[in-house]
Amino acid sequence: MLDIRLIRENPDYVRERLATRGGEAHLKLDEILACDRQRREWETRLQQLNGDRKRLSKEIGMKRSKGEQAEELETQVRGIGEEITLVTEQAAQADETQRNLLLQLPNLPHDQNPIGTDASANPEVRVWGTKPVLNFAPADHVTLGAKLGLFDLERAAKISGSGFVCFTGPGARLERALIQFCLDLHSREHAYLEVSPPFLIRRESMVGTGQLPKFEEDMYGLENGELFLAPTAEVPVTNLHRDELLALPELPKSFVAYTPCFRREAGSAGRMTRGLIRVHQFDKVELVKLTTPETSWAELEALTGHAEQVLQRLGLHYRVIELCTGDMGFGSAKTYDIEVWAPGQNAYLEVSSCSNYTDFQARRMNLKFKDDEGKNRFCHTLNGSGTAMPRLFVALIETWQQADGSIKIPEPLQPYFGAAEIR
RNA sequence: GGAGAGGUGGCUGAGUGGUCGAAAGCAGCGCUUUGCUAAAGCGCCGUACCUCAAAAGGGUACCGGGGGUUCGAAUCCCCCCCUCUCCGCCA
């Protein structure tokens, strides 16, 4: 959520920044400003009336305690009370309208973000490693998986429909090994606090991180309409400290969490790909940071580096790209995507998206800290995958497949997997 | 699922219809005094919003959330959420 005062005082700046995202958000500003004016008028009027009532009511109390009559005053205050009822309703309505408008507005992109309308304008920031050279035609993960019994898409579809996977045998063990490897890496070596949060989330927390109210159709909701399945651990973990006032020495707070993630992929019907690339339920290890505004940009670089470590240790070639203004997510001010090379796909796969949300989420969830001058300010929140499992799985088996059809397990993963190869 | 108790400022906790934004303690900040890594005394110390060109100032709201009663609600009534205790059930 954007600060209404920023919009009020620098409408042109906000409009110009929002416009770089494309879409229509920047066209809403005049409506918001008009609503804000209206809202303040009602509020001022309401405050006058409340003041009158408060003052006169006290007078009544004084008179009564002296045994005097106060009927005239009481009639007068009753009249004020009726007006207050009306004005309160108007003020509350204006307030709600304004809040709803603000909740629909995306975050402002960082001033230095590349401007663009889609992914084609995303600059490559850095590349690690090189595309592996195989002296045979690489199989894709679906073929490998079928041959080695790593997962079963057909039977998963029988149970749950298309877009679900059931890992099996060595595949299930490999997936579990990857999760544990990532959790250990980030908690032990990068000093993130490991948490294991709930997967069912209340509406208000979904609003806190920005999934609601705008993207409800992408979420799995339970019948009662109150609880939602977590689309990412970002939601429960970032909300851990909602409605809290954190002390400066506590920051930054860094969390790592493994959760399954549930996504309808409603708009992606045509983009559902074969295999594991896009599924409705997948496992992910997520990194979350709560920081001060002063350190959040440096923390974004650090967090991205931590996510990259996963790929480096597993010997997977990847590139980091910076998202241009038009390609960024709703709440993000700056995002790096990490894309791992998958030889069987002959393509880079997005396995991590690392973002600084600045105070966008903190404002929605009322997450503050007390700064060194004793002032309460909104935190900055960051998150990034560290990393998403199915695509990591794909890149791993496609990269480390051998000519004889077996898969070599990278050394750092062997203690977790319990073997050096799958055949 | 049943019964009961409770939710008050950064934290602990008093307050059952008016002068209560709210005692007290802790933490924090400032000053004074004594002085070996500290103690004592005194003072200050909530948040949001509105108003003001700005600062100063002024004002309103907020005692889990929402509604109601009343001239007036932290306080009384109703609904919801959450926490704790006991019982039941259960991995």
Side-chain angles (χ1 to χ4, degrees), chain A residues 1-11 32-103 196-208 212-213 222 224-228 236 239-251 253 290 292 359 362-379:
Chain A
M1 193 157 68
L2 299 183
D3 185 355
I4 182 62
R5 268 173 297 192
L6 177 70
I7 298 176
R8 200 148 70 207
E9 285 159 25
N10 301 294
I32 289 171
L33 286 166
C35 182
D36 180 51
R37 268 192 299 277
Q38 179 81 93
R39 192 199 104 242
R40 278 145 66 211
E41 266 172 43
W42 286 119
E43 186 142 340
T44 305
R45 176 78 188 124
L46 180 62
Q47 291 187 1
Q48 277 169 358
L49 290 168
N50 272 324
D52 291 346
R53 176 166 73 176
K54 193 173 180 178
R55 194 163 36 76
L56 294 176
S57 289
K58 274 188 187 172
E59 248 177 76
I60 292 171
M62 307 252 283
K63 286 203 172 191
R64 286 227 181 143
S65 67
K66 284 189 226 157
E68 292 173 18
Q69 293 279 342
E71 275 167 38
E72 221 172 281
L73 275 178
E74 282 175 31
T75 312
Q76 194 185 341
V77 177
R78 199 174 291 123
I80 294 176
E82 281 161 15
E83 199 177 346
I84 285 177
T85 307
L86 296 176
V87 176
T88 300
E89 191 163 323
Q90 296 296 326
Q93 216 169 69
D95 199 64
E96 202 194 321
T97 305
Q98 177 174 315
R99 182 173 164 79
N100 286 338
L101 285 168
L102 286 175
L103 284 176
S196 178
F199 309 153
L200 298 182
I201 315 284
R202 309 180 72 150
R203 181 165 225 109
E204 53 197 290
S205 291
M206 296 287 277
V207 172
L212 298 184
L222 267 47
N224 64 21
E226 179 50 32
L227 291 171
F228 294 84
N239 274 285
L240 275 174
H241 291 281
R242 66 172 302 128
D243 287 314
E244 288 187 35
L245 179 64
L246 302 175
L248 190 56
E250 295 180 74
L251 300 176
K253 277 184 176 291
L290 313 179
T292 64
D359 61 0
R363 196 180 299 279
R364 286 171 166 244
M365 63 175 74
N366 191 30
L367 167 62
K368 295 186 177 178
F369 73 102
K370 196 173 273 296
D371 73 9
D372 47 14
E373 289 172 352
K375 289 185 65 172
N376 298 348
R377 295 160 63 201
F378 287 111
C379 295

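Numbers restart at 1 for each chain; the letters A, B, ... are given by sequence-line order, proteins then strands.
Here, B:C11 and B:G17 have their C1' atoms 29 Å apart, quoted to the whole Å.
The pair A:Arg99-A:Asp95 does not count as a salt bridge, with every side-chain nitrogen at least 4.0 angstrom from each carboxylate oxygen. Classification of A:Glu74 and A:Arg64 as a salt-bridged pair holds, one side-chain N sitting under 4.0 Å from a carboxylate O.
With a cut-off of 3.5 Å on both Watson-Crick or G-U wobble distances, the partner of B:U60 is given as B:A48. B:A55 makes up no base pair with any nucleotide shown, lacking Watson-Crick or G-U wobble contacts both under 3.5 Å. With a 3.5 Å ceiling on both atom-pair distances, the Watson-Crick or G-U wobble partner of B:U83 is B:A5. Here B:U69 sits opposite no nucleotide as a Watson-Crick or G-U wobble pair (both hydrogen-bonding atom distances under 3.5 Å). In this structure, B:C89 forms no base pair with any nucleotide, since neither Watson-Crick nor G-U wobble geometry is met with both distances under 3.5 Å.
Note: CZ (A:Arg55) to C1' (B:U60) measures 13 Å, nearest angstrom. Rounded to whole angstrom, the span from the CG atom of A:Leu245 across to the C1' atom of B:C45 amounts to 14 Å. The distance from atom CG of A:Leu56 to atom P of B:U70 is 18 Å, rounded to the nearest whole Å.
The side chain of A:Glu74 lies closest to B:C71, out of B:C71, B:C82, B:U47. Among B:C50, B:U47, B:C49, the nucleotide with an atom closest to any side-chain atom of A:Arg5 is B:C49. Nearest to the side chain of A:Arg64, among B:U47, B:G18, B:C50, sits B:G18. Nearest to the side chain of A:Arg78, among B:U19, B:C71, B:C50, sits B:C71. Comparing atom distances between the A:Arg39 side chain and each of B:C50, B:A48, B:G10 picks out B:C50 as nearest. Residue A:Ser57 places its side chain closer to B:C71 than to any other of B:C50, B:C71, B:U19. Considering only the side chain of A:Ile60, B:G18 comes nearest among B:C82, B:C50, B:G18.
Taking 4.0 angstrom as the limit, A:Lys54 places none of its side-chain polar atoms (N or O) nearer than this to OP1 or OP2 of B:G59. For A:Arg40, a side-chain nitrogen or oxygen approaches OP1 or OP2 of B:U51 to under 4.0 Å.
The structure places CZ of A:Arg55 at 8.0 Å from CD1 of A:Ile80, a figure rounded to the nearest 0.5 Å. Here the NZ-CZ distance, from A:Lys375 to A:Arg377, works out to 8.0 Å after rounding to the nearest 0.5 Å.
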- Determine, stepwise, if the pair A:Asp359 / A:Arg363 fulfils salt bridge (charged side-chain N to carboxylate O under 4.0 Å, His left out). CA-CA 6 Å; A:Asp359 61 0; A:Arg363 196 180 299 279; 2.6 Å; yes

